[in-house]
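Naming: A, B, ... by sequence-line order, numbering from 1 per chain. Values below: all heavy atoms of this structure, side chains included; hydrogens, waters and symmetry mates excluded. A quick note: this is a predicted structure, and the numbers were derived from the prediction, not measured.
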Number of protein chains: 2
Amino acid sequence: MTSASVRVPARQQSIRASNLALAYRLVLDAPTPVSRAALAAATGMTRATAGALADALLAAGLVAEVAPPPASSAGRPATGLVPASTGWAGLGLEVNVDHLAACVVDLTGAVRHQVSIEGDQRGRGPGPVLADLAELANRAAADLAATGLHVAGAAVAVPGLVRSTSGRVLRAPNLDWQDVDVVADLTPRLPVTPLAPAVGNEADYAALAELAADRGLRDFLYVSGEIGVGAGVVFDRRLFTGSRGWAGEIGHVTVEPGGDACRCGARGCLETVAGLDALRAPTPDAAVRAGAGLGRAIAAAVNLYDLDTVVLGGAYAGRPDLEESVRAALTEHVVSAGWAPVAVRRSGLGGTAAAVGAATSVVHGIHADPAAWEARA
Amino acid sequence: MTSASVRVPARQQSIRASNLALAYRLVLDAPTPVSRAALAAATGMTRATAGALADALLAAGLVAEVAPPPASSAGRPATGLVPASTGWAGLGLEVNVDHLAACVVDLTGAVRHQVSIEGDQRGRGPGPVLADLAELANRAAADLAATGLHVAGAAVAVPGLVRSTSGRVLRAPNLDWQDVDVVADLTPRLPVTPLAPAVGNEADYAALAELAADRGLRDFLYVSGEIGVGAGVVFDRRLFTGSRGWAGEIGHVTVEPGGDACRCGARGCLETVAGLDALRAPTPDAAVRAGAGLGRAIAAAVNLYDLDTVVLGGAYAGRPDLEESVRAALTEHVVSAGWAPVAVRRSGLGGTAAAVGAATSVVHGIHADPAAWEARA
DNA sequence: AGGTATTTGTATTGCCAATGAACTTATGAA
DNA sequence: TTCATAAGTTCATTGGCAATACAAATACCT
């Protein structure tokens with residue numbers, strides 16, 4: 001999930017790969033079927049080129065042809081192209097404090113399968129948890145065969161910090177995990193034979209799910225309120241992960257200087273006032289402190305990142321009062337709010353958004369580089 | 001300075017432009033002269049291709065050939081390529097609260113000319129200030145002719161928020177500017193005939209200057225302590241500006257909830273405890289509050305952005321005590337600090353870093369797209 | 001019903017930039 | 001002086017797109 005600038009020269013295939021991705025992107029983003037001619041018109045390619053690329057996408061099984069519409073005007077009717085709803089699909093897995101989840105998303109972005117099991121995962125240790133997760137994954141893959149879908153890859157969402165290069169979970173404090181090699185543990189047990197699963201942060205993947213659910217989103221902050229508080233940042237419809245993949249650690253932004261001690265060793269972290277444990281506390285001012293703290297932390301993030309939208313997810317999704325606090329804080333603290341107001345809303349996705357986002361991230365990988373998937377059709 | 005994803009198909013020239021930039025980049029980054037063969041070896045291109053690209057760069061006046069070294073081993077000696085020190089140069093301009101500055105940076109990144117005038121610019125109004133700035137720019141350009149340099153473009157650093165698409169300064173509170181069209185005012189008065197100047201934030205440009213001065217930097221936060229407090233964020237050696245160019249507004253991150261009133265209308269902003277006015281205040285705890293506040297705000301930025309280096313600039317550059325406070329705060333508050341410590345240091349550049357950075361940004365534009373400058377050789 | 005206009009999609013040719021192999025140039029070492 | 005080695009150049013080949021011409025399928029007009 002990090003960007004590495006490689007020094008490889010562009011070849012002729014680079015340009016084809018790039019144009020194939022461009023054509024595919026247009027088909028994916030269009031609300032209605034796209035003709036080869038429309039593809040050419042939208043990009044500036046000739047119809048010949050657009051046609052060749054369309055044929056390649058068809059041959060790769062990444063798009064499908066649909067019958068032409070009733071034909072409104074003169075001229076030969078266009079055969080439309082739409083994202084394929086069979087073929088490759090992404091497998092998303094989620095480990096969370098109180099549940100495990102698996103889901104499958106196809107190339108259209110539709111969730112085709114979803115299973116989850118409730119249950120506290122704290123203190124069970126990574127081994128048994130990942131074994132259960134693998135079983136969930138295999139059950140999902142088995143159900144899939146009948147639908148004409150094949151798992152192209154898998155991604156695992158974890159509530160913690162991950163070394164993105166290796167897929168090693170450095171710390172997941174709320175699971176009591178430390179330095180867990182999820183990839184090594186999971187790879188042999190998954191239904192995706194050749195490819196190791198990607199491992200990423202739960203909030204990052206949930207942000208991707210949010211992005212997929214709302215085509216209008218472009219640049220936003222997704223804040224996930226669970227036992228811990230994390231955030232995913234999306235810019236230009238792409239996940240922003242920082243240089244090492246640890247961006248969005250909003251949970252330990254100081255919102256009450258000298259405040260309560262946090263598990264991380266510092267004082268006054270957002271997590272101490274707006275984590276689930278604090279939200280559930282019986283003290284009368286808990287909601288007020290959570291709202292104010294969350295507002296200040298999110299305002300800091302918006303000032304630093306320059307975003308125009310905030311989505312509240314996880315436990316925050318059910319708290320309109322927090323939405324109001326955040327909105328008020330943003331109006332007060334964000335410099336540009338005067339002439340460019342920041343939109344705030346609660347997520348409409350359920351508790352397994354991260355699993356959906358993880359599956360979506362696999363699909364995004366295919367969307368971004370269709371040329372790599374031509375051979376495997 | 002913002003990224004717009006355009007839907008233009010790749011053509012054959014795209015690949016040439018890309019490879020030309022790749023070759024140029026290698027020449028620019030190499031500590032010693034680079035041969036055509038080394039270029040080929042480093043990129044994987046054939047010697048034929050590398051040679052053709054090298055010739056193109058030479059013809060465009062972007063690189064120069066140097067005599068081969070004393071020849072250590074067998075074989076035909078290599079003719080080295082180095083960045084050209086004549087030809088195109090970038091003009092950087094800076095408007096600040098207490099000075100105006102202009103400077104010229106050549107393609108090697110060297111500062112070839114620098115002038116500044118001290119004097120309080122507050123309350124003078126944009127017109128007279130920009131007139132003085134234009135005079136400074138013209139003086140710089142006139143001195144330039146003798147050195148074989150030509151101004152390729154100009155960039156203006158301003159302590160405020162800029163609409164990057166239009167170059168309009170939305171707000172520069174410490175200059176008392178509001179909605180000033182710097183581009184329209186400056187363009188006809190500048191020595192760069194066809195091109196309108198870019199306009200950007202002072203801290204962003206200063207960060208670029210820091211980047212140019214230290215080849216080891218890749219991902220860092222540059223914090224500029226002036227009357228206002230701003231920050232520039234650099235990822236993968238590229239400026240991160242957010243979707244609208246307003247990223248890095250650290251000055252209004254809340255560090256003392258319910259604290260002193262800020263000019264922006266909120267309370268407890270970083271600027272109220274660590275802006276220049278607060279630093280100069282005679283109260284005994286001013287330094288302590290500034291250090292603690294700055295530390296908390298920077299820790300928030302590092303947690304949110306995932307950075308491994310912080311550079312303190314502007315007035316902070318002369319304050320070792322603040323450096324210590326920041327270091328302590330990062331150790332306490334940054335989640336990943338335990339296993340990936342964050343480096344903190346003070347900038348070695350002077351008060352006109354932003355002007356240098358602005359000029360550098362123009363040069364970066366040429367570095368990034370040499371093909372666009374082939375015709376104008 | 002038949003011709004024309006219009007639009008979609010396909011086939012052919014030419015161009016551009018990179019590749020690969022052969023060739024030339026310039027040096028050190030035997 | 002000759003050979004080995006490495007740098008740089010030349011030339012035919014290849015992959016991909018542009019441009020153009022052509023075939024196919026429909027609506028509209030008479």
- Task: Report the residue (Ala74(B) or Leu53(B)) whose heavy-atom-nearest nucleotide on DNA chain C is the more 5′ of the two.
- Result: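 Whichever sits nearer the 5' end wins; that is Leu53(B).
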
- Query: So which one's nearest nucleotide on DNA chain C is more toward 5', Ala38(A) or Ala10(A)?
  - Reply: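 By nearest-heavy-atom nucleotide position, the 5'-most residue is Ala38(A).
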
- Please figure out whether Arg76(A) or Gly51(B) has its closest DNA chain D nucleotide nearer the 5' end.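 Comparing both residues, the 5'-ward one is Gly51(B).
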
- Task: Between Ala52(A) and Gly80(B), just flag the one whose closest nucleotide in DNA chain D comes earlier from the 5' side.
- Result: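 Here Gly80(B) is the residue nearer the 5' end.
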
- Message: Please classify the nucleic acid contact of Arg11(B) as base, sugar-phosphate, or nothing, using heavy-atom distances under 4.0 Å.
- Response: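 Answer is sugar-phosphate: Arg11(B) comes under 4.0 Å of backbone atoms only.
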
- Message: Mind checking if Arg16(A) touches a base, just sugar-phosphate, or nothing, with heavy atoms under 4.0 Å?
- Response: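 Sugar-phosphate contact only.
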
- Item | Main-chain N/O of Gly245(A) paired to Asp306(B) side chain as donor or acceptor, under 3.5 Å |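 Checked: pair present.
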
- Query: Does Phe220(B) have its ring centroid less than 6.0 Å away from the ring centroid of Phe235(B)?
  - Reply: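 No, too far apart.
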
Does a side-chain N or O from [X] land closer than 4.0 Å to OP1 or OP2 of [N], or not?
| X | N | value |
| --- | --- | --- |
| Asn19(B) | dA18(C) | yes |
| Thr49(B) | dT19(C) | yes |
| Thr79(A) | dT8(C) | no |
| Arg36(A) | dT10(C) | yes |

What's the closest nucleotide to the side chain of [X] if the choices are [options]?
| X | options | answer |
| --- | --- | --- |
| Gln12(B) | dT9(D), dC17(D), dG20(C) | dC17(D) |
| Ala78(B) | dG20(C), dA7(D), dA26(C) | dA7(D) |
| Ile15(A) | dG8(D), dA11(C), dC17(D) | dC17(D) |
| Ala37(A) | dT10(D), dA17(C), dG9(C) | dG9(C) |
| Arg47(B) | dA22(C), dA18(C), dA23(D) | dA22(C) |

- Does the side chain of Pro33(B) reach to within under 4.5 Å of the side chain of Leu81(B), using non-hydrogen atoms?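 Result no, sub-4.5 Å side-chain heavy-atom pair not found.
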
- Message: Using 30° and 60° as the class boundaries, would you call the ring planes of Tyr305(A) and Tyr305(B) parallel, tilted or perpendicular?
- Response: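 Answer is perpendicular, since the angle exceeds 60°.
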
Nearest whole Å is fine: how far is [N] [atom2] from [X] [atom1]?
| X | N | atom1 | atom2 | value |
| --- | --- | --- | --- | --- |
| Met45(A) | dT8(C) | CE | C1' | 16 Å |
| Gln13(B) | dG16(D) | CD | C1' | 13 Å |
| Leu22(A) | dG16(D) | CG | C1' | 15 Å |
| Leu39(B) | dA7(D) | CG | P | 12 Å |

- Message: Leu20(A) vs Glu374(A), test: side-chain contact (heavy atoms from CB on, under 4.5 Å). Steps then yes/no.
- Response: CA-CA 10 Å; Leu20(A) 197 66; Glu374(A) 282 192 276; 3.8 Å; yes

